[in-house]
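To start, the structure under review is shown below, and the notes come after it.
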Amino acid sequence: MTQETIFALSTGSLPSGVAVIRVSGPAVPALLDRMVRPRPLQRRAALRQIKDHSGNLIDTGLVLFFPAPNSFTGEDCLEFQVHGGRAVITAIFDTIKTFPGTRMAEPGEFTRRAFENGKIDLVEAEGLADLLAAETEMQRRLALEQIKGGHSNLYGDWADRITHARAMIEAELDFADEEDIPGSVSDHIWSDIRQLVADLDEHLARTKTGEIVRDGLKLVIFGAPNSGKSSLINQLAQRNVAIVTAQAGTTRDIVTIDLDIRGYAVRLFDTAGIRDTEEEIEQEGIRRARIAAEEADLILHVIDLSSPHLDINPPETVRSIRIGNKVDLQPKWQAGEIDVAVSAETGEGIDELKALIGEHLAEKYNVGNLLLPARARHVELLLATREALTDAYASSNKGLDVRAEYLRRASASLGRITGRVDVEDLLGVIFSEFCVGK
């Protein structure tokens, strides 16, 4: 456990109605007894006068004391909930600094101490960071699933299965003369290893859904010049993010906004109108528009209902929603030609368009439970785990020591996801399941 005591402002910028100061480390009891009297009961909020090192009143506020190990960091922790004036916070900070071994916390240091003290693992720590950054309902739910240990429990169960397999092999290799050690482990473990690979494949198959929830769906507005693409993005954003003029080819570069549709993060791209042109800058914009459309998760294909003959077809490899724009100018249109009719000028049909996008999200990225691969780091390590497990059960012509090494690699890769890799787990299984040395 560290000998330094750290402190920081845990709430937003000052001034504010209320500010929370968090302190963690061995100096907390002495600091509490000097600055607050009487000491509040453990884990109970108490209204107290907060004083400086000379006994002068700084402020009156709520004080909470969380003794180790039952705190967020696993250390003695203290929280001051005080008025959020700059002078108040400065005076409290200056008083805390008078205690030996105290310093301002570095970014993320409270959470790091929680990890180092075994209060959370890496997946839960990453979930906390994702929760703080969450902007949509699905991002919030995914982060909470990580924080409450859903991912950690799943990966922990897989790690236990690998550890059991390694224990069986190690037992046969090292204690083959013992009567209660099985003579062959193949029938006991390899079928489960194959099933574990299948479980990993099922989990990894949802990687794209995890990316969509966390990073957002890429929607590209595509169509001919003057079909109303820029007006549509302005209408969806409810602000003027793109320049709109009657002149064709106004949009040259890609304009991007972020939206929240049905709790999903959506990144919307407005692109240049597709047409034949000799203008060099517009040609580059059209090239970028085609690339963006090919890389999209969904294309919003905008068709000018007043000039449908000018329409440009989007890439067939990407699903499209056909949007008939300018319905205010052309109220009559052929059924089946489009999926939804809108007016980017008046806003008519925009709610229907959002609902259609939401239906696509729900259909293609049906989340169900949120045990999804949440980060690229997780996916990389899960793939490494799968590769090592596959090598282990596919190497039946090799010795058990080689296959055990493959399992060790799988265990190490899986352990790196949560940050918990401990060889004592392996020893514990060996000596608990087989009465070795009795």
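Here the side chains of Val213 and Tyr264 are in contact, with some heavy-atom distance below 4.5 Å. Taking 4.5 Å as the limit, some side-chain heavy atom of Arg166 sits within range of a side-chain heavy atom of Ile162. At least one side-chain heavy atom of Leu200 sits less than 4.5 Å from a side-chain heavy atom of Leu389. Two residues are said to be in side-chain contact when any heavy atoms from C-beta on lie closer than 4.5 Å; Leu382 and Tyr155 meet this criterion. Within the 4.5 Å cutoff, no side-chain heavy atoms of Trp190 are placed close to those of Gln195. Counting heavy atoms from C-beta on, the side chains of Phe222 and Ile274 come closer than 4.5 Å. In this structure, the side chains of Ile312 and His301 stay at 4.5 Å or more apart for every pair of heavy atoms. Phe269 has its side chain out of reach of Leu219: every pair of non-hydrogen atoms, C-beta onward, lies at least 4.5 Å apart.
Using a 4.0 Å cut-off between charged nitrogen and carboxylate oxygen, Arg113 and Glu116 do not count as a salt-bridge pair. Between Asp130 and Arg140 no salt bridge is recorded (no basic side-chain N to carboxylate O distance below 4.0 Å). Glu109 has a carboxylate O that lies under 4.0 Å from a charged side-chain N of Arg103, or vice versa, which qualifies the two as a salt bridge. Under a 4.0 Å N-O distance rule, the pair Glu145/Lys148 qualifies as a salt bridge. Classification of Arg287 and Glu284 as a salt-bridged pair holds, one side-chain N sitting under 4.0 Å from a carboxylate O.
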Exercise for the section: Before giving the answer on salt bridge (Lys or Arg N to Asp or Glu O under 4.0 Å), spell out for Glu405 and Arg409 the whole-Å C-alpha distance, their side-chain angles and the decisive distance to 0.1 Å. Expected result: CA-CA 6 Å; Glu405 172 60 20; Arg409 294 180 185 178; 3.4 Å; yes

Exercise for the section: Just do the side chain to side chain donor-acceptor pair (under 3.5 Å) check on Thr136 and Asp260 with the steps written out, would you? Expected result: CA-CA 6 Å; Thr136 70; Asp260 179 348; 5.2 Å; no

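In summary, the side chains of Asp270 and Ser230 do present a donor paired with an acceptor at a separation below 3.5 Å, with no hydrogens or angles considered.
Scored by the side-chain hydrogen bond (donor to acceptor under 3.5 Å, both in side chains) test, Glu380 finds no partners at all (sequence neighbours excluded). The side-chain hydrogen bond (donor to acceptor under 3.5 Å, both in side chains) check on Asp192 picks up Arg161, with sequence neighbours excluded. Residues meeting the side-chain hydrogen bond (donor to acceptor under 3.5 Å, both in side chains) test with Glu79, sequence neighbours left out: none. Under the salt bridge (Lys or Arg N to Asp or Glu O under 4.0 Å) criterion, Arg262 pairs with no residue at all, not counting sequence neighbours. When the salt bridge (Lys or Arg N to Asp or Glu O under 4.0 Å) test is applied to Glu124, no partner is found at least two apart in sequence or on another chain. Residues that satisfy the salt bridge (Lys or Arg N to Asp or Glu O under 4.0 Å) test with Glu295, not counting sequence neighbours, are Lys218. Looking at residues two or more places apart in sequence or on another chain, you find a side-chain hydrogen bond (donor to acceptor under 3.5 Å, both in side chains) between Thr346 and Ser343.
Listed by first and then second residue, the salt bridge (charged side-chain N to carboxylate O under 4.0 Å, His left out) pairs that reach into residues 49-61 come to none, sequence neighbours excluded. Counting only residues at least two apart or in different chains, side-chain hydrogen bond (donor to acceptor under 3.5 Å, both in side chains) contacts with residues 34-49 comprise Asp33-Arg39. Pairs passing the salt bridge (charged side-chain N to carboxylate O under 4.0 Å, His left out) check and including a residue from residues 381-398, sequence neighbours excluded, read Asp201-Arg386.
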Enumerate, atom names and distances included, each donor-acceptor pair closer than 3.5 Å involving a side-chain atom of residues 85-102, sequence neighbours excluded.
unit_1: Arg86; atom_1: NH2; unit_2: Leu14; atom_2: O; d: 2.6
unit_1: Thr90; atom_1: OG1; unit_2: Arg86; atom_2: O; d: 2.9
unit_1: Thr95; atom_1: OG1; unit_2: Ala91; atom_2: O; d: 2.9
unit_1: Thr98; atom_1: OG1; unit_2: Thr95; atom_2: O; d: 2.5
unit_1: Thr102; atom_1: OG1; unit_2: Ile96; atom_2: O; d: 3.0
unit_1: Thr102; atom_1: OG1; unit_2: Phe99; atom_2: O; d: 2.8

Side-chain atoms of residues 16-28: list all donor-acceptor pairs with protein atoms under 3.5 Å, sequence neighbours left out, distances to 0.1 Å.
unit_1: Ser16; atom_1: OG; unit_2: Val18; atom_2: O; d: 3.0
unit_1: Ser24; atom_1: OG; unit_2: Thr73; atom_2: OG1; d: 2.8
unit_1: Ser24; atom_1: OG; unit_2: Glu75; atom_2: OE1; d: 2.6

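Residue Leu268 is tested with Leu300, Val220, Leu232 for a side chain to side chain contact (heavy atoms under 4.5 Å, CB included); the sole match is Leu300. Here the options are His164, His151, His203, the test is ring-ring contact (aromatic ring centres under 6.0 Å, His included), and the partner is Trp158; only His203 passes.
Residues Ala143 and Gly127 approach most closely at CB-O, 3.5 Å, considering heavy atoms.
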